[in-house]
Amino acid sequence: MTYDLSEQDRACLNHFTERMQERSEHFIGYPSATDIDYSELYPLLRYRLNNIGDPMVGSTSQINSRMFEREVLSFFAQLFQAPAQNWWGYVTNGGSEGNLYSLYLSRELYPDGIVYYSEATHYSVQKNIQLLNLRSIVIRQQENGEIDYDDLQQMLMQHRDKPAIIIANIGTTMTEAIDDIPQIKGILKQLAIKSHYIHADAALAGMYAALLGTGKPFDFAAGADSIAISGHKFLGVPIPCGVVLVKKNYKERIGKAIPYIGTVDTTITGSRNGHSPIFLWYALRKLGKEGMRQRALASLELADYTLQQLQALGIHAWLNEGAITVVFEAPSEKLRMQWQLATDGEWSHIICMPGVTKAQIDAFIDDLRNDLQTPGIHTTPLLHAN
Ligand SMILES: *Cc1c(COP(=O)(O)O)cnc(C)c1O
């Protein structure tokens, strides 16, 4: 007996594929790079690769890509200056899982700690805090999306007797603002809070910020205790994924040997995607550090170009230093849908990830110009996200 799709189902699938193609051409508002061709890896999809358990420990189940996973982890450990013999990590399902794992770890270290995070922090952090039943305090953000250090200092001062767990944003979701870890460390020192843990949520900008190395330092050498990134953003892996790295001595508090899988259960999920580590490895190998850096530079240039084009139209637009996210007055709902522009309150953004072209920016600017000339259309009330 062989099975096949019905004509109708096949038509449905084809229609979906065409729509994804068209929608990909108007994708400038979310951070997914589209310039890396991964098709060489497609034949591997026939294998049910599962990296269940700890990436550093073998397993009885051998249909896995742990070997690639370890190489990917080493690359990022080096990029983020992790302490040579004292790091551990794994390939996650995305930045959110990396944040969850790191908060879990921080709670094991400091069960009575308080988590401090700015109001510009990604929504996964608040959810994870709830899941872990942690105590937390939300800190004000500055206008550019960066944490307000004065507010942080005050809140820390009021709770000096409790360990401080701080989430530093390395590129906020909306404006790509970077919190200053050295400054945060300075505050902790000044207040003599010795028990502290700093997690860098570097999901968005961590990789290119580290490659460019020109902005505020945020890596292990700068004081981070754990770092999470997303693999489907700057690296454009077609499967959502990410990397989390932590100091190994912390991690040794978590994880149980499980006879059934013949390995150690040190990660959040059980079964883990075994394809994503190969996609990550492939991108790193294919482009190399220098290729990656060049892509980052091209993104910066395009962001600058986009900013100028928007400003030339008389639109209020701005850009954080070293960012590829251009923030501007939200346009009409029609344009926001057509170009898939994430919007929060009065602001929308374009993220110049590799794969976004000048031609796309020009086409968007043309649409925006037309829109502005159509009376009434851009006065649609905006939904406030909070
Ligand atoms: C995208 C993002 C996340 C979440 O990452 P996922 O890979 O979507 O789970 C977390 N924090 C920031 C700052 C992000 O931009």
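Note that the numbering runs from 1 along the sequence shown for the chain. First listed ligand is number 1; within each ligand, the first listed atom is number 1.
- Side-chain atoms of Y250 and S106 form no donor-acceptor pair, as typed in the model, at a separation below 3.5 Å.
- Closer than 4.0 angstrom to ligand 1 sit non-hydrogen atoms from G94, G95, S96, N99, H122, G171, T173, D201, A203, L204, S230, H232, K233.
- Between the side chains of S226 and H199, at least one donor N or O lies within less than 3.5 Å of an accepting N or O.
- The pair K334-D367 fails the salt-bridge criterion, with no side-chain N (NZ, NE, NH1 or NH2) lying under 4.0 Å from an Asp/Glu carboxylate O.
- E69 has no carboxylate O lying under 4.0 Å from a charged side-chain N of R66, or vice versa, which leaves the two without a salt bridge.
- Other residues sharing a hydrophobic cluster with F16 under the 4.5 Å side-chain heavy-atom criterion for ILVMFWY residues are M20.
- With F234 as the aromatic partner, R295 meets the cation-pi criteria of under 6.0 angstrom to the ring centre and within 45 degrees of the ring axis.
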